[in-house]
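To start, the structure itself, in structure tokens.
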Amino acid sequence: MLVFWEQRLAFLATPKTGTTAIETALESLATVSVQRPPLLKHTTVQQYRQFIGPYLDSTAGEPFTLVALMREPRAWLGSWFRHRQRDDVVEAARSTAHLDFDAFVRAYASDPQPEFAAVSSQARFLDSGGARGVDRLFRYEAIDLFIDFLEERLGCEIILPRLNVSPCAPLDLSADSEESLRNVLARDFDLYASLD
């Protein structure tokens with residue numbers, strides 16, 4: 001999470017949407033940068049609106065603009081799968097090295113989910129719990145529009161480094177697994193389709 005006081009702007013780090021690169025590029029410009037622990041780095045919209053946003057808004061005397069990124073849901077889940085295939089995944093129960101993407105998606109769609117597939121969802125992260133949600137939600141796949149927005153708002157050129165890139169792996173799915181994925185991430189697909 002990054003907060004830019006003068007610009008009245010707050011950025012929430014939706015997991016698996018390039019946030020490590022964004023935070024690295026912008027940390028020196030931010031008034032507040034929360035990158036550790038992951039629980040705080042990935043403060044949800046609901047947590048922000050309940051705790052952090054009211055404090056910032058009342059202290060500044062005006063509301064902050066809350067922004068975030070969202071990735072196409074199948075690609076987002078694929079990123080989690082690839083991320084957990086790395087050799088440096090410490091906990092064996094979180095590793096997907098022994099799986100293909102189809103098995104990972106079936107595990108993600110199961111109830112209960114095994115630990116390696118328990119990665120929540122973007123819709124849950126972006127859910128405001130009935131409060132005001134994100135003011136500007138950008139597609140990860142159109143990150144240039146987000147960078148243009150930030151450059152205009154922050155008044156500087158932004159160049160993103162390539163960081164925390166997951167290893168390559170095939171993301172093939174059977175028709176049944178594709179249907180399960182569409183069902184279990186229906187809110188995510190609907191939210192993503194609503195973005196400009």
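Residues: numbered from 1 along the sequence shown.
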For a 4.5 angstrom cut-off between non-hydrogen side-chain atoms, does [X] reach [Y]?
X	Y	result
D172	D100	no
R153	L150	no
K16	Q122	no
I143	I22	yes
D176	R106	no
Y48	L56	yes
D188	L77	no
T43	V34	no

Which residues pass the side chain to side chain donor-acceptor pair (under 3.5 Å) test with R187, sequence neighbours left out?
none
Side chain to side chain donor-acceptor pair (under 3.5 Å) against T20, all qualifying residues, sequence neighbours excluded:
K41
Quick one: do [X] and [Y] end up in the same hydrophobic cluster if we chain Ile, Leu, Val, Met, Phe, Trp and Tyr together by side-chain heavy atoms under 4.5 Å apart?
X	Y	value
L126	Y140	no
L12	F146	no
L26	V134	no
F138	M70	no
V45	L191	yes

Would you confirm whether [X], through its side chain, and [Y], through its main-chain N or O, come within 3.5 Å as a donor-acceptor pair?
X	Y	answer
R132	R49	no
S110	A107	yes
E23	M1	yes
T96	Q85	yes
D135	V67	no
T14	L69	yes
D57	F64	yes
R139	L145	no

Throw together a table of side-chain donor-acceptor distances under 3.5 angstrom for residues 112-120, partners on residues two or more places apart or in other chains.
from: Q113; atom 1: NE2; to: Y108; atom 2: O; distance (Å): 2.7
from: E115; atom 1: OE2; to: R94; atom 2: NE; distance (Å): 3.2
from: S120; atom 1: OG; to: R124; atom 2: NH1; distance (Å): 3.4

Check the angle between the aromatic planes of W80 and H83 and answer parallel, tilted or perpendicular using the 30° and 60° thresholds.
perpendicular
Between H42 and F125, how do the two ring planes meet: parallel, tilted or perpendicular, split at 30° and 60°?
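H42 and F125: perpendicular rings.
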Under 3.5 Å donor-acceptor pairs involving side-chain atoms of residues 4-11, not counting sequence neighbours:
from: R8; atom 1: NE; to: E62; atom 2: OE2; distance (Å): 3.3
from: R8; atom 1: NH1; to: W5; atom 2: O; distance (Å): 2.5

Other residues, nucleotides, ligands: >12 heavy atoms within 6.0 Å of D87 CG
no
Gap separating the [atom1] atom of [X] from the [atom2] atom of [Y], nearest 0.5 angstrom:
X	Y	atom1	atom2	answer
L137	S194	CG	OG	7.5 Å
R71	W76	CZ	CH2	10.5 Å
Q46	S128	CD	OG	7.5 Å

Testing the basics here: between [X] and [Y], what is the closest heavy-atom pair and its distance to 0.1 Å?
X	Y	answer
D102	S177	OD1-OG, 2.9 Å
S121	L185	CB-CD2, 3.9 Å
L2	A30	CD2-CB, 4.0 Å
E72	Y192	N-CE1, 3.4 Å
S180	A109	CB-CB, 4.1 Å

I would like to know whether L171 and R82 meet side-chain contact (heavy atoms from CB on, under 4.5 Å); could you show each step before the answer?
CA-CA 9 Å; L171 299 179; R82 291 189 325 272; 3.5 Å; yes
Through direct or indirect side-chain contacts below 4.5 angstrom among Ile, Leu, Val, Met, Phe, Trp and Tyr, which residues connect to I159?
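Listed partners: none, I159 stands alone.
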Taking the hydrophobic residues Ile, Leu, Val, Met, Phe, Trp and Tyr, and joining any pair whose side-chain heavy atoms are under 4.5 Å apart, which ones share a cluster with V89?
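ILVMFWY cluster around V89 holds nothing else.
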Do Q35 and S33 have side-chain N/O donor and acceptor atoms under 3.5 Å apart?
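A pair is found: one side chain offers a donor N or O, the other an acceptor, under 3.5 Å apart.
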